[in-house]
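Letters A, B, ... are given to chains in the order of the sequence lines, protein chains preceding strands, and every chain is numbered from 1. Bear in mind the structure is a predicted one, so any value in this text is a computation, not a measurement. Reckoned from all heavy atoms, side chains included, excluding hydrogens, waters and symmetry mates.
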2 protein chains.
Amino acid sequence: MTFVLVVDDDPAMRRTLSINLRARDYEVETAGDGRSALQVVDERMPDVVLLDLGLPDLDGIAVLKQLRSFSRVPVIVVSARTESDDKVEALDLGADDFITKPFSLEELLARVRATSRRVGREEPDLVVEVDGLRLDVTDSRATRGDTEIHLTPIEWKLVEVLARRRGRLVRQTELLTAVWGPAYDTQTNYLRVHMASIRRKLEADPSHPVLFVTEPGMGYRFAPG
Amino acid sequence: MTFVLVVDDDPAMRRTLSINLRARDYEVETAGDGRSALQVVDERMPDVVLLDLGLPDLDGIAVLKQLRSFSRVPVIVVSARTESDDKVEALDLGADDFITKPFSLEELLARVRATSRRVGREEPDLVVEVDGLRLDVTDSRATRGDTEIHLTPIEWKLVEVLARRRGRLVRQTELLTAVWGPAYDTQTNYLRVHMASIRRKLEADPSHPVLFVTEPGMGYRFAPG
DNA sequence: CGGGGTCTTGACGCCGTCTTAGCGGCGGTT
DNA sequence: AACCGCCGCTAAGACGGCGTCAAGACCCCG
């Protein structure tokens, strides 16, 4: 059964959606503000989140941003605002879909179906060990032997994207959009600088990298072993 | 580079979308009717399809239905009709997103980004193995036995285009536009030079190529086996 | 208000890649 | 037999990408 989290500050809207979703055999949880929404996502891992942008405490956009920092749950943004800027921002921040009020219930349900259709692949814990170095990506912990190695947020994000496709080439554009957003997909000097510091921390010999390999003109590859 | 197929019966719309998408570094192909759209999807496997519902020959819905019978490519349906029934039908038939005309270009681009990000690299691996030589095109990796072979970006692009149509002839014009853009589609000397270095790296006997065959006056063919 | 860590930005040198031009071989045509 | 188009091949120089460093902006926290 699909588990949906409805985030909206309007109790009537929460109620309407709950009733209708439950009638279609969805399991439903609701949240009236951003903080509790984030909490529910963290604790109960819903399959889909319906996120209203007009929330009392946090801006809906801010909620989305925070949410994406720890979860990849599909998010459908619901908003009264039709400005395309809002849509663009939400979608680029990691929203999976966008629907404007007023909407027909059938359309919403169809979008929920379309979005949750893709759900199912639960990713295993991402841990890599290479001669003494241990990278626990899901926990954001790195150790060599017994000593802890500290990586900055940007470094972790890069390592994460690369580790998720280990062995495969990840293009510069992809790394850039993953960390800085689509607008920065030509700023390759960012990559050069930050990949350098990643190597300084993780490579046995930073001047001759074997873990984080450059593919000139294309991207980088995380190639342990 | 993301490869987008634009399906619309209105030439002006096709043109507008092509120009704007190409300006953002998308590779674009267009189709004016359902049949050619299905053909392009079959032959060239785009990463995203923008599908207009009002087509001359087949109904857009019918196109979507047929398309889903053989491909899982992400489809964004574009339509002038705002009826929620249409949206529901399209989404349930396997469309990944729905956007109504008139739309802002930025929103469309954001939806393309969101869709292609979501689907990620689910494309089946394109791997070719011929007596000791292994070409993994999706990973951009080439090995003979245990030794890694390094290809440059241009070489990979050429190999990729050829491998995608393995066995079939690919015209010079097409290779040239794929790598250097439409403005260079007569610079056949580029092809001569770069095909030479591809052969030097990948062919067992570069002076008697069997994998990358020249079809004089027409183009090249990747013919493994 | 001050300080440590992080990120951005620009400059520089090195090195591999791409471009460009020229030459020779091969085959078809007249 | 001579010519012409097309292709393979080479090599030199132009070009651009990458790593590196350092200075300054920024931000969070005390």
Side-chain angles (χ1 to χ4, degrees), chain A residues 62 65-66 69 140 142 148-159 162 169-181 183-223, chain B residues 25 140 142 148-159 162 169-173 175-181 183-221:
Chain A
K65 205 182 242 172
Q66 285 198 34
S69 68
S140 293
E148 190 99 2
I149 304 178
H150 174 71
L151 296 190
T152 71
I154 285 186
E155 287 159 12
W156 269 120
K157 189 65 187 172
L158 288 172
V159 169
L162 286 166
L169 168 70
V170 183
R171 300 196 168 273
Q172 294 169 342
T173 309
E174 210 166 330
L175 292 166
L176 287 164
T177 54
V179 178
W180 290 273
Y184 292 78
D185 69 347
T186 56
Q187 302 286 337
T188 59
N189 47 333
Y190 288 17
L191 286 183
R192 294 207 293 277
V193 173
H194 291 283
M195 289 304 299
S197 44
I198 289 176
R199 284 165 171 162
R200 201 176 312 124
K201 293 175 181 176
L202 298 184
E203 292 275 0
D205 179 2
S207 56
H208 298 96
V210 288
L211 294 177
F212 297 89
V213 186
T214 307
E215 300 282 352
M218 308 200 287
Y220 293 84
R221 185 197 305 278
F222 179 56
Chain B
D25 269 347
S140 294
E148 191 101 1
I149 304 178
H150 176 71
L151 297 190
T152 70
I154 286 185
E155 288 158 12
W156 269 120
K157 188 65 187 172
L158 289 173
V159 168
L162 286 165
L169 168 70
V170 183
R171 302 195 167 272
Q172 294 168 343
T173 309
L175 291 167
L176 286 164
T177 53
V179 178
W180 289 273
Y184 292 76
D185 69 346
T186 56
Q187 302 286 336
T188 59
N189 47 332
Y190 287 18
L191 286 183
R192 293 206 295 278
V193 173
H194 290 283
M195 289 304 298
S197 44
I198 289 176
R199 284 164 171 162
R200 198 178 315 124
K201 292 175 181 177
L202 299 183
E203 293 275 0
D205 179 3
S207 56
H208 299 95
V210 288
L211 294 177
F212 298 90
V213 187
T214 306
E215 301 282 350
M218 321 252 311
Y220 293 84
R221 183 198 306 276

Participant: To the nearest Å, how far apart are A/Phe212 CZ and D/dC18 P?
Facilitator: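 Distance, rounded to whole Å: 17 Å.
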Participant: Please check if any side-chain donor atom of B/Thr214 sits under 3.5 Å from a side-chain acceptor atom of B/Arg192, or the reverse.
Facilitator: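 Absent: no donor and acceptor within the cut-off.
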Participant: Scan side-chain atoms only and decide if A/Glu215 and B/Ser140 contain a donor-acceptor pair under the 3.5 Å cut-off.
Facilitator: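 Result is no, nothing qualifies.
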Participant: Under a 4.0 Å heavy-atom cut-off, which of residues 185-197 of chain B touch DNA chain D?
Facilitator: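 Contacts with DNA chain D under 4.0 Å: B/Arg192, B/Val193.
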Participant: Any side-chain heavy atom of B/Trp180 sitting closer than 4.5 Å to one from B/Gln187?
Facilitator: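 No; the side chains remain at least 4.5 Å from each other.
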Participant: Establish, with yes or no, whether the OP1 or OP2 oxygen of C/dT8 is under 4.0 angstrom from a side-chain nitrogen or oxygen of A/Trp180.
Facilitator: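 For C/dT8, OP1/OP2 do have a side-chain N/O of A/Trp180 under 4.0 Å.
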Participant: Using whole Å, what does the distance between atom C1' of nucleotide C/dT8 and atom CD1 of A/Ile154 come to?
Facilitator: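 Result: 9 Å.
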Participant: Between atom CZ in B/Arg199 and atom C1' in D/dT10, what is the gap in whole Å?
Facilitator: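 Checked: the CZ to C1' distance equals 16 Å.
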Participant: Any base atoms under 4.0 Å from B/Tyr184, or only sugar-phosphate, or nothing? Heavy atoms, all strands.
Facilitator: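 Counting heavy atoms under 4.0 Å across all strands, no contact is made by B/Tyr184.
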Participant: Give the rounded distance in Å between these two atoms: CD of B/Glu215 and C1' of D/dG8.
Facilitator: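 Nearest whole value for this atom pair: 16 Å.
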Participant: Of all the heavy-atom pairs spanning B/Phe212 and B/Glu203, show the shortest one and how long it is.
Facilitator: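 Heavy atoms of B/Phe212 and B/Glu203 come nearest at N-OE2, 2.8 Å.
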Participant: Considering just the side-chain nitrogens and oxygens of B/Tyr220, establish if one lies under 4.0 Å of OP1 or OP2 belonging to D/dC6.
Facilitator: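 No, B/Tyr220 has no side-chain N/O under 4.0 Å of OP1/OP2 on D/dC6.
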Participant: Round to the nearest Å and state the distance from B/Lys201 atom NZ to C/dC18 atom C1'.
Facilitator: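 My rounded result for the distance is 12 Å.
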Participant: In the structure I gave you, are the side-chain heavy atoms of B/Met195 and B/Leu162 within less than 4.5 Å of one another anywhere?
Facilitator: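 Yes, close enough: below the 4.5 Å cut-off.
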Participant: Determine: side-chain N/O of B/Thr214 to OP1/OP2 of D/dC6, distance under 4.0 Å, yes or no.
Facilitator: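 For D/dC6, neither OP1 nor OP2 has a side-chain N or O of B/Thr214 closer than 4.0 Å.
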Participant: How many angstroms lie between CG in A/Leu151 and CG in A/Leu202, if you round to the nearest 0.5 Å?
Facilitator: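 Taking CG in A/Leu151 and CG in A/Leu202, the distance rounds to 5.0 Å.
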Participant: Is any side-chain heavy atom of B/Arg221 less than 4.5 Å from a side-chain heavy atom of B/Val170?
Facilitator: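 A side-chain contact is absent here, since even the closest heavy-atom pair is not under 4.5 Å.
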Participant: If I take atom CZ in residue A/Arg200 and atom C1' in nucleotide C/dT6, what distance separates them, rounded to the nearest angstrom?
Facilitator: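 Taking CZ of A/Arg200 and C1' of C/dT6, I get 12 Å after rounding.
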Participant: Applying a 4.0 Å non-hydrogen cut-off, can you work out what B/His150 is touching in the nucleic acid: base, sugar-phosphate, or nothing?
Facilitator: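 Sugar-phosphate contact only - B/His150 comes under 4.0 Å of backbone atoms but never of a base.
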Participant: Which one, D/dT20, C/dC7, D/dC7, comes nearest to the side chain of A/Ser207?
Facilitator: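 Selected nucleotide: D/dT20.
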Participant: How many Å lie between NE2 on A/His208 and P on C/dC14, as a whole number?
Facilitator: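 It is 16 Å, rounded to the nearest whole Å.
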Participant: Could you tell me how far apart A/Met218 (CE) and D/dC18 (C1') are, to the nearest whole angstrom?
Facilitator: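 Rounded to the whole Å, the gap is 14 Å.
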Participant: From the set C/dC7, C/dT19, D/dG8, return the single nucleotide nearest to any side-chain atom of A/Glu155.
Facilitator: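 Of the candidates, C/dC7 comes closest.
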